[in-house]
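Any value given below was found using the heavy atoms of this structure, including those in side chains, with hydrogens, waters and symmetry copies removed. First the proteins, then the strands, lettered A, B, ... as listed; each starts at 1.
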Number of protein chains: 2
Amino acid sequence: MYAPERQQEILRLARDGGRVDVVSLAEEFQVTAETIRRDLKALDRAGLLRRVHGGAIPAGRLDFEPDLAERETTAADEKDRIAKAALAELPADGTVILDAGSTLARLAAALPPETSLTVVTHSLPVAARLADHPGIQLHLVGGRVRHRTRAAVDAWALRAYGEIRADVAFVAANGFSAEHGLTTPDLAEAAVKRAAVAAARRVVLLADSSKHGQEHFARFGGLGDVDLLITDSGLSPEDTAALARGGTEVVRA
Amino acid sequence: MYAPERQQEILRLARDGGRVDVVSLAEEFQVTAETIRRDLKALDRAGLLRRVHGGAIPAGRLDFEPDLAERETTAADEKDRIAKAALAELPADGTVILDAGSTLARLAAALPPETSLTVVTHSLPVAARLADHPGIQLHLVGGRVRHRTRAAVDAWALRAYGEIRADVAFVAANGFSAEHGLTTPDLAEAAVKRAAVAAARRVVLLADSSKHGQEHFARFGGLGDVDLLITDSGLSPEDTAALARGGTEVVRA
DNA sequence: ACCGGTCATGCCCGTTCATGCCCGGTCGTG
DNA sequence: CACGACCGGGCATGAACGGGCATGACCGGT
């Protein structure tokens with residue numbers, strides 16, 4: 001196994017599990033701890049991991065509350081399936097907007113290498129994953145970066161989205177329902193999402209079923225703005241039907 | 001079998017198996033390892049494969065940039081010392097601009113946790129390192145992202161820098177000399193650096209001594225624009241004195 | 001058919017890389 | 001505050017690398 005392969009795998013393990021430790025990695029890959037330390041150092045220098053005594057934690061973590069880590073990994077499966085399903089909605093050779101959020105980050109990671117696209121995003125983790133994808137023309141939307149979500153917000157971001165027109169926007173929401181629309185806890189972030197939605201001809205909402213019925217502080221649109229919702233099978237058939245009656249197509253991955 | 005045929009086949013094998021190695025390819029095709037290396041180099045240059053020690057991996061399979069880590073190992077020591085020395089130039093509680101480049105990334109990683117600063121950058125790696133630094137208000141400059149440097153360039157970036165005013169800009173250059181000023185290989189990137197330099201009251205150039213005397217395609221300023229140069233001890237005392245005569249203070253870390 | 005030029009390949013050899021081992025220093029936990 | 005785990009630098013080693021050169025095949029023009 002080559003060093004970069006091992007490092008890639010370490011990175012994956014770190015992201016999945018929220019942490020890795022030197023000794024078990026050494027065992028896992030059948031190399032000495034020194035080698036693992038070197039790998040971790042390289043990944044740390046590349047800004048992908050944060051080194052800690054005894055191991056490392058992923059640097060790009062969107063959500064680093066320890067108690068949420070477990071829930072995060074259990075939802076990982078749904079999010080991966082949703083991201084996979086979203087691939088089918090990519091235009092053949094056009095422009096897409098990718099919102100911030102862990103599902104979007106997974107979508108970015110899942111883009112096949114032969115993809116040819118123009119991508120616009122205000123999410124740092126999404127940008128980091130796409131920056132070296134050879135087929136992708138990446139445009140970064142600037143702005144003040146919120147620590148919690150690592151997404152750019154405020155004036156620069158709003159203006160940038162106001163100046164472009166994309167084929168599809170893939171957006172995430174912390175809560176969605178027919179009654180209360182699309183909501184998220186932060187006002188500034190909601191404003192950016194609204195601008196992103198307005199900049200696209202077609203809007204695809206990626207949200208696992210646990211988000212359904214939730215409502216948060218800031219609303220950035222109604223379900224009527226959403227052309228397609230991709231969620232998981234946890235959404236009940238009745239809810240699905242209700243949403244479909246509202247004009248939103250629903251895919252349950 | 002012709003070389004392009006062989007390369008095509010190597011590419012297919014790499015994509016099928018996820019990896020190839022020099023020795024078995026040499027055996028497989030009944031040629032020497034040198035020939036295979038040349039093939040792999042060609043495919044790497046074409047962006048179809050990623051070369052690793054001992055073989056190659058299909059492009060896009062790794063979602064990080066080994067190139068970045070690799071470049072960091074060159075003159076890593078000097079760069080670390082330069083970054084450390086640059087810490088002394090940070091304002092107590094003001095606004096700084098951080099350019100793209102491995103030395104700047106080191107600087108970002110070396111910021112003490114208790115630092116309180118506003119940071120503006122158009123570099124993705126720098127932003128990734130600072131995004132979760134609690135004391136830092138991070139402002140991301142958007143734009144088209146260049147694959148090679150992971151830095152934002154073009155209209156959005158230029159306009160953003162045109163709208164701000166910072167206490168200090170820390171910039172990097174691929175080449176610097178009293179005669180030819182500050183140069184870099186890419187025009188778009190040079191334009192952004194120029195804008196960053198213009199947006200700051202004080203300009204600090206971080207460049208290891210191997211950059212001295214080099215000149216590249218695009219010039220973004222003269223040494224007269226630089227208030228302070230931080231470099232390593234590889235810069236000869238005569239060169240140091242010559243630069244100092246030009247009005248640029250020099251620190252050799 | 002001849003001939004200079006280019007290209008692909010092979011061979012040689014000094015250099016670099018990845019890894020393992022060792023040892024003195026540091027961390028953090030009890 | 002003491003001890004064990006962890007860290008990082010230094011060194012050794014074998015594999016891989018890559019630049020330079022030679023050889024022979026092919027090509028295009030005369």
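- The side chain to side chain contact (heavy atoms under 4.5 Å, CB included) check on B/Gln137 picks up A/Arg144, B/Thr118, B/His139, with sequence neighbours excluded.
- What separates CD of A/Gln7 from P of C/dC17 is a distance of 14 Å, to the nearest Å.
- The salt bridge (Lys or Arg N to Asp or Glu O under 4.0 Å) contacts involving residues 82-96 of chain B comprise B/Glu89-B/Arg202, where partners must be two or more places apart or lie in separate chains.
- Evaluation of the side chain to side chain contact (heavy atoms under 4.5 Å, CB included) rule for B/Thr115 yields B/Leu111, B/Pro112, B/Leu117, B/His133 as partners, not counting sequence neighbours.
- Remark: B/Asp227 pairs with no residue by the side chain to side chain donor-acceptor pair (under 3.5 Å) rule, at least two apart or across chains.
- B/His53 meets the side chain to side chain contact (heavy atoms under 4.5 Å, CB included) test with no other residue; sequence neighbours excluded.
- Evaluation of the side chain to side chain contact (heavy atoms under 4.5 Å, CB included) rule for A/Thr32 yields A/Glu34, A/Thr35 as partners, not counting sequence neighbours.
- Remark: C1' of D/dA15 and CD1 of B/Ile36 are 17 Å apart, rounded to the nearest angstrom.
- Fit an axis to the five pairs at each end of the helix from C/dA1-D/dT30 to C/dG30-D/dC1 and the two axes sit 50° apart, to the nearest 10 degrees.
- The distance between atom CG of A/Asp21 and atom P of D/dC6, rounded to the nearest whole Å, is 8 Å.
- Counting to the nearest Å, the P atom of D/dC17 and the CG atom of B/Asp44 are 12 Å from each other.
- A side-chain donor from one of A/Ser210 and A/Asp208 sits under 3.5 Å from a side-chain acceptor of the other.
- Atom-to-atom, CD of A/Glu27 to C1' of C/dG20 comes out at 17 Å; the value is rounded to the nearest Å.
- Comparing B/Asp39 and A/Thr32, the nucleotide of DNA chain C nearest to each residue sits closer to the 5' end for B/Asp39.
- For residues 214-237 of chain B, there are no ring-ring contact (aromatic ring centres under 6.0 Å, His included) pairs, not counting sequence neighbours.
- Within the model, atoms CD1 of B/Ile82 and CG of B/Leu229 stand 8.5 Å from one another, a figure rounded to the nearest 0.5 Å.
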Could you write out each protein N or O paired with an N or O of nucleotides 5-8 of chain C at a distance under 3.5 Å?
none

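- Listed by first and then second residue, the salt bridge (Lys or Arg N to Asp or Glu O under 4.0 Å) pairs that reach into residues 187-196 of chain B are B/Asp99-B/Lys193, B/Arg146-B/Glu189, sequence neighbours excluded.
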Which protein N or O atoms sit under 3.5 Å from an N or O of nucleotides 7-11 of chain D?
| unit_1 | atom_1 | unit_2 | atom_2 | d |
| --- | --- | --- | --- | --- |
| D/dC7 | OP1 | A/Arg51 | NH1 | 2.8 |
| D/dC7 | OP1 | A/Arg51 | NH2 | 3.3 |
| D/dC7 | OP1 | A/Gly54 | N | 2.5 |
| D/dC7 | OP2 | A/Arg37 | NE | 2.9 |

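- With sequence neighbours excluded, no residue satisfies side chain to side chain donor-acceptor pair (under 3.5 Å) with A/Arg51.
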